[in-house]
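A short worksheet on the structure shown next.
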Amino acid sequence: MAEEFNLEGMLDTYLFENEQLLEQLQEIVLDQKDAECFDEDSINEIFRTMHTIKGSSGIMMFDNVTAISHKLEDVFYYLRESHPENVVHADLVEHVLQVADFITAEMEKIQEGSPADGDPAAIIAELDSFLENIKNGAVEEGKELPEENVSEEPKHFYIAPVANSASRFYKIYINFFPETEMANVHAYKTVYSLKEIAEDLLYEPEDLITDASSIDAIMEDGFRILLQAQCSEEDLRELIKVGYDIERVDIYECKAEEFLQGFDFGDHPAVGIDLESSAEEIEAKAIKAEEAAEKKEAPKPKMAPGDFVIKSKEPGKPKKLAKDKQRGVKDSFISVNVKKMDQLMDLIGELVISESVVLQNQDLKVPGLNLTNFNKAAAQMAKISTDLQNVIMSMRMVPLTNVFQKMNRIVFDVSRKLGKDVEFVMIGEHTEVDKNIIENISDPLMHLVRNAVDHGIETNEERVDSGKPDRGKITLSARTEAGKVWISVEDNGKGLDREKILDKARKQELLDPTKPDSAYEDKDVFQFITLPGFSTNEQVTEYSGRGVGMDVVVQNIQSIGGTLDIESNLGMGTTMTLKIPLTLAIIDGIVMETGNSSFVVETGVIKEFVSVTEDMMIHEPTGEEYIMIRGECFPVLRLGDWYGLEEYHKNVEEGMMLIFEVEGKTICLLVDRLIGKQEIVVKPIPSYIKKVKGISGCTQLGDGSIALILDPVGLIE
């Protein structure tokens with residue numbers, strides 16, 4: 001049977017759709033994990049999700065996924081039909097997440113090219129036991145059990161028509177969105193979902209899988225179905241729903257005689273859904289077609305597939321049909337390989353560099369040249385280049401929703417295992433950041449959230465003893481500020497013990513023996529926990545106590561130009577904040593020179609530029625320098641001295657002072673001269689070069705030279 005299917009492209013569609021469904025499933029479950037029970041809409045949605053996954057997995061012949069999804073579908077079928085009251089909600093949530101994890105693991109195997117060979121028997125047995133307990137409770141209360149949720153595999157999709165008084169006949173017309181890929185697969189899934197209720201089923205095009213031309217036929221003429229079943233139109237619309245692939249579904253109930261005519265109505269023309277004409281024109285065409293039909297002899301019934309007429313309903317109804325979809329209003333989406341996006345981003349970067357090369361060409365500096373027209377054209381090119389960057393940047397920006405939902409799941413799992421009652425709150429989960437940023441912060445964020453549950457939140461008994469609410473709370477929030485995204489993990493737990501951390505740091509000889517403990521600010525003390533091998537946990541658990549993790553968190557964050565800020569109040573809680581750039585690709589920067597070297601710094605961190613005189617400087621005996629500006633004293637860092645450069649201006653009056661303000665700290669950077677503002681394409685420092693403090697990357701300037709990108713945080717530290 002496998003040879004009959006053309007699996008090219010179908011597998012990608014299967015994986016993509018199931019991934020979306022599982023994300024939605026997990027979101028529904030986690031949103032209601034603390035409720036007394038799932039609401040009716042959620043039960044129906046979970047049932048439909050499992051039904052869809054079961055159907056698509058059956059088509060792709062992943063039997064283990066089909067079996068486990070069908071079993072969970074059984075559970076929610078019973079919940080939907082019987083509304084039992086003896087359901088342990090926490091156990092049900094765990095069962096649903098367990099099934100979701102199993103299916104996700106199988107999909108990961110499929111993506112890697114491995115066989116989906118997971119054994120769901122143990123999970124199915126647990127679901128059977130769970131369902132049996134609910135049913136036994138219902139029987140004890142004298143309630144009647146609904147019919148079993150039976151899913152039988154018919155030998156053929158077309159079953160011999162056997163109608164009775166309860167049978168109803170329908171003509172179904174489905175239109176897919178123009179950008180829908182593999183429309184034949186989506187049509188096949190629709191047929192697969194209808195087969196369980198069908199007494200008789202015909203569809204056109206007939207050969208959906210092996211005939212590639214069926215895709216063009218479906219996109220051009222729509223997908224047509226003739227259905228005989230004992231169900232209502234509302235039941236059909238539950239099975240065939242408008243979504244990201246199906247644009248429109250029209251269902252018309254007909255008589256048995258019309259049904260037996262098949263798709264071919266003789267001399268009648270094939271008429272599709274008219275979305276261009278006005279409602280009045282549609283009505284007039286329908287009336288005219290009916291009048292013409294009355295004058296002609298009715299054709300003999302046929303079962304040959306062909307076109308069928310989509311008739312209008314009663315007067316007045318077509319107005320709604322014509323106006324419920326306005327062309328161009330709905331957004332269209334297409335999935336693109338991330339590698340292609342990265343390649344496009346690289347090309348945009350090269351375009352920015354080439355633009356700088358053109359605009360800074362030495363040939364343009366010849367005296368006497370009239371560059372008026374050139375400057376106009378250059379300004380227009382720069383505008384288009386900027387717009388192009390903004391578009392590609394927006395394409396790469398994705399919301400943090402999925403990452404935040406993963407953290408929700410981690411809080412649920414860890415708190416259950418540790419026996420802690422924890423409330424999880426998400427704020428600003430729709431904040432968008434660059435996709436590459438998300439890939440780099442997912443693991444650090446997971447570690448911080450897990451630490452908040454394990455280290456931060458006390459047990460229920462400890463919280464009651466200390467006068468706190470017995471339920472802990474973890475808040476995950478995100479916001480954008482000054483070109484950066486701030487992601488905070490806040491808990492209302494026991495907080496960090498400053499003295500305990502100092503004692504540990506002293507044992508590891510991390511403290512300056514000549515410096516009193518009071519000289520260390522809280523922020524500096526709390527940063528000790530980010531050092532390798534540093535842990536104040538006395539017991540090693542599944543989640544903490546080994547002294548590893550926080551140092552990796554900091555390294556990952558710093559690798560993308562971010563920082564970790566820690567604030568804590570003993571007995572009140574801890575807040576850990578990631579401050580990371582919105583994007584890694586192209587930034588606005590100020591180009592400067594010191595000696596023979598070029599540097600770049602992001603414009604967002606520069607507070608102001610100041611020309612200084614020697615009388616503004618303060619020189620300490622220890623070699624430290626400060627400057628007085630408007631009555632305030634700021635530390636001065638000479639870039640030439642910092643990096644040991646040669647031939648730079650030692651006289652401050654010959655240079656330019658840049659005032660940086662980062663994370664509440666201010667520092668003045670002395671450079672030789674400013675070159676100008678420029679869009680900078682960020683390139684990473686090659687791995688074979690040792691990491692230098694205060695340098696976050698490099699870029700190519702218009703003259704072909706290399707400039708180093710300064711990291712203000714590294715300079716201030």
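No hydrogens, no waters, no symmetry mates; every other heavy atom, side chains included, goes into these values.
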query: Are K135 and E132 within salt-bridge range, i.e. N to O under 4.0 Å?
result: no
*Using 4.0 Å as the upper bound for N to carboxylate O, is an ion pair formed by D413 and R409?*
yes
The reported gap from OG in S56 to CG in L21 (rounded to nearest 0.5 angstrom) is 7.5 Å
Tested for side-chain contact (heavy atoms from CB on, under 4.5 Å) against S477, the lone hit among V425, I427, T575 is I427
For A478 and I487, the nearest pair of non-hydrogen atoms, with its separation, is CB-CG1, 4.2 Å
ask   = Just wondering, are more than 12 heavy atoms of other shown residues or ligands nearer than 6.0 Å to CD in E40?
value = no
Q) Should the heavy atoms of other residues, nucleotides or ligands under 6.0 Å from NZ of K109 be counted, would the total exceed 12? A) yes
Closest non-hydrogen atoms of R416 and D91, given as atom of the first, atom of the second and distance, are NH2-OD1, 4.0 Å
Exercise. Side chain of T401, backbone of E429: donor and acceptor closer than 3.5 Å?
Worked result: yes
Taking every heavy atom of I28 against every heavy atom of F38, the minimum-distance pair comes out as O-CE2, 4.5 Å
Rounded to the nearest 0.5 Å, the NZ atom of K33 sits from the CG atom of L30 at a distance of 6.0 Å
Output for pair (L79 CG, I46 CD1), nearest 0.5 Å, gives 9.0 Å
CD of Q111 to CD of E108, rounded to nearest 0.5 Å, is 7.0 Å
Do the side chain of H51 and the main chain of L239 share a donor and acceptor less than 3.5 angstrom apart?
no
request  = Step by step, work out the side-chain contact (heavy atoms from CB on, under 4.5 Å) result for L445 and K406.
outcome  = CA-CA 10 Å; L445 200 57; K406 290 179 182 177; over 6 Å; no
Rounding to 0.5 Å, atoms CE (M107) and CD1 (I110) come to a distance of 7.0 Å
**Prompt:** Taking the side chain as C-beta and beyond, is there a heavy-atom pair between F528 and I566 under 4.5 Å?
**Reply:** no
Check your understanding: Less than 4.0 Å between a side-chain N and a carboxylate O, is that true for R48 and E45?
Key -> yes
Could you go through I529 and M576, starting from their C-alpha distance and side-chain angles, then the distance that decides it, and tell me whether this counts as side-chain contact (heavy atoms from CB on, under 4.5 Å)?
CA-CA 12 Å; I529 69 173; M576 298 203 177; 3.8 Å; yes
- prompt: So, do N451 and D491 sit near enough that their side-chain heavy atoms are less than 4.5 Å apart?
  reply: no
- Task: Show the numbers, then the answer: is there a side-chain contact (heavy atoms from CB on, under 4.5 Å) between I606 and F660?
- Result: CA-CA 5 Å; I606 301 176; F660 292 166; 3.7 Å; yes
So OG of S42 and CZ of R80: to nearest 0.5 Å the spacing works out to 14.0 Å
Salt bridge (charged side-chain N to carboxylate O under 4.0 Å, His left out) with E458: of K494, K420, K468, only one passes, and it is K468
So M446 and M407, do their side chains get closer than 4.5 Å, heavy atoms only? yes
| request: Find out whether F412 and E94 are in side-chain contact, i.e. whether some heavy atom of one side chain is under 4.5 Å from a heavy atom of the other. | output: yes
Residues passing the ring pair (Phe, Tyr, Trp, His ring centres under 6.0 Å) test with H95, sequence neighbours excluded, are F130
### Message
I want to check something: taking the side chain as every heavy atom from C-beta on, are V88 and N133 in contact at a cut-off of under 4.5 Å?
### Response
no
Do the non-hydrogen side-chain atoms of V65 and Y14 ever get within less than 4.5 Å of each other?
-> yes
Counting C-beta onward and ignoring hydrogens, is there a side-chain heavy-atom pair between Q26 and L97 closer than 4.5 Å? yes
### Message
Whether the side chain of E602 engages the backbone of I709 through a donor-acceptor N/O pair (distance < 3.5 Å, no angle test) should be reported.
### Response
no
Report task. In plain terms, say whether K500 and D503 are close enough for a salt bridge, that is, a side-chain N and a carboxylate O under 4.0 Å apart. Result -> no
How about S415 and D421: do any of their side-chain heavy atoms sit closer than 4.5 Å? no
Check your understanding: Short question: side chain of E106, backbone of G118 - any donor-acceptor pair under 3.5 Å?
Key -> yes
| query | Going by atom types alone, do S57 and T66 pair a side-chain donor with an acceptor below 3.5 Å? | reply | no
- Message: One pair to check against side-chain contact (heavy atoms from CB on, under 4.5 Å): I53 and L22. What are the steps and the verdict?
- Response: CA-CA 9 Å; I53 293 177; L22 290 171; 3.9 Å; yes
### Query
Is there a donor-acceptor pair under 3.5 Å between the side chain of N492 and the backbone N or O of K473?
yes
Nearest heavy-atom approach of N64 to F102 is ND2-CZ, 4.1 Å
In terms of heavy-atom contacts, L502 and L511 come closest through O-CD1, 3.7 Å
Heavy-atom closest pair (M50 atom, E73 atom, distance to 0.1 Å) is CB-CB, 4.0 Å
